[in-house]
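Take a look at the structure set out below.
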Amino acid sequence: MLSGLAPAKINLFLHVGPVADDGYHPLASLVAFADVGDAVTVTRAGALSLAVTGPFGGALAGESDNLILRGLRALGEAAGIGAPPVAVTLDKQLPIAAGLGGGSADAGMAIRLAAQLLDLDLDEAALEAVAGVVGADGPMCLRARPAWATGRGDELRDEPRLPPLHAVLLNPGVASPTGAVYRAYDDAPAGGADCPEAPADWSPAAVIDWLAAQRNDLEAPALRVTPSIAEALTAMRGAPGCRLTRMSGSGATVFGLFDDAASASLAVGSLQRSGWWGRACVLAGAR
């Protein structure tokens, strides 16, 4: 039996261009991964199966095409063994449709653990190709380390200079459907997939200042689709010590960056609302 954390993915900025001829939106982003997420456990078994527990597990119960199962079937095909004979348990701690890459991160961790448990002869490039079947963010979530993402989000360049950043994640208890957000963006496209130059100074304070000059181009369309995200943004901006507030991905989770762990922990307590989800965390630097 092997277990691992499928960490929450945070888009520190997300610049999006109009939809291209291939049907995809070009984007540029700097992604980081938190020290909070879902727990994935993989055990040898007679056949492939998935059990889902945890506070947000109910929404995924009984899914026959869960991203974990999709990724593991692709893993078995790549290894030539058919459906991997493993039982997976997902302890779902992250909200669903939250802009945190949860489904892709869960699949990435399950793929990595199953490959290790079954001693499959697949290198990192092969595992990333497998992870790509769950979506454009599959390879980055399999890696789970800071990176610049361009193209569809699948052109990755590691960023080892990113320092640990103290953060609070806040979700207003609503789902933000990615497809609907992109359709709202297409109704009034704004921004562009420009990738800014890296900061000259990688100290935490300087990185936060640099991030303040960037944006999330999906924030405005997400607010049109799910107006209650605005409540979370307003609450985070008013939290004592918050240096920067932004929505992650296509929402509905927003994040705030703080100077230290004490400030983040104090803030998360003040941000609690009925039905909301919040966590203080560290957006880890390179591992």
To the nearest 0.5 Å, what is the distance between OG1 (Thr89) and CG (Asp38)? 13.0 Å

Do the side-chain N and O atoms of Ser250 and Thr178 include a donor-acceptor pair separated by under 3.5 angstrom? yes

Say you draw a straight line from CG of Asp106 to CG of Leu94; how long is it, rounded to the nearest 0.5 Å? 7.5 Å

Using residues 225-243 as the side-chain source, report each donor-acceptor pair under 3.5 Å to any protein atom, sequence neighbours left out, with the distance given to one decimal.
residue	atom	partner	partner atom	Å
Thr234	OG1	Ala230	O	3.0
Arg243	NH1	Asp259	OD1	2.6
Arg243	NH2	Asp209	OD1	2.9

State plainly whether the residues Asp201 and Arg161 are in salt-bridge range, i.e. N to O under 4.0 Å. no

State whether Glu128 and Arg112 are salt-bridged, where the test is any N-O pair (Lys NZ or Arg NE/NH1/NH2 against Asp/Glu carboxylate O) under 4.0 Å. no

Using the side chain to side chain donor-acceptor pair (under 3.5 Å) rule, collect all pairs that involve residues 264-278, keeping only residues at least two apart or in two chains. none

Can you measure from CG (Leu14) to CD1 (Ile10) and round to the nearest 0.5 angstrom? 12.0 Å

Any ion pair linking Arg152 and Asp137 (charged N to carboxylate O, less than 4.0 Å)? no

Taking the side chain as every heavy atom from C-beta outward, state whether Leu170 and Val268 have any atom pair closer than 4.5 Å. no

More than 12 heavy atoms of other residues, nucleotides or ligands under 6.0 Å from CD of Glu77: yes or no? no

Side-chain contact test, heavy atoms from C-beta onward, threshold under 4.5 Å: evaluate it for Arg70 versus Ile68 and give yes or no. no

Does a salt bridge link Glu219 with Arg246, judged by any charged N lying under 4.0 Å from a carboxylate O? no

Identify, with sequence neighbours excluded, every residue that meets side-chain contact (heavy atoms from CB on, under 4.5 Å) alongside Ala167. Leu257, Cys281, Leu283

Evaluate whether atom CG of Asp121 has more than 12 neighbouring non-hydrogen atoms of other residues, nucleotides or ligands under 6.0 angstrom away. no

Side chain to side chain, Val16 and Tyr182, heavy atoms closer than 4.5 Å: yes

Does Val168 reach the side chain of Phe258, with side-chain heavy atoms less than 4.5 Å apart? yes

So do the side chains of Lys92 and Leu60 get within less than 4.5 Å of each other, counting heavy atoms only? yes

Atom pairs and distances, donor-acceptor, side-chain atoms in residues 39-48, under 3.5 Å, two or more places apart:
residue	atom	partner	partner atom	Å
Thr41	OG1	Ser3	OG	2.9
Arg44	NH2	Leu117	O	2.9

Could you walk me through whether Asp35 and Arg279 pass salt bridge (charged side-chain N to carboxylate O under 4.0 Å, His left out), step by step? CA-CA 10 Å; Asp35 60 355; Arg279 293 290 185 276; over 6 Å; no

Considering residues at least two apart in sequence or located in another chain, which fulfil the ring pair (Phe, Tyr, Trp, His ring centres under 6.0 Å) criterion with His15? Phe13

I'd like to check the ring pair (Phe, Tyr, Trp, His ring centres under 6.0 Å) partners of Tyr185; sequence neighbours left out, ordered by chain and number. His25

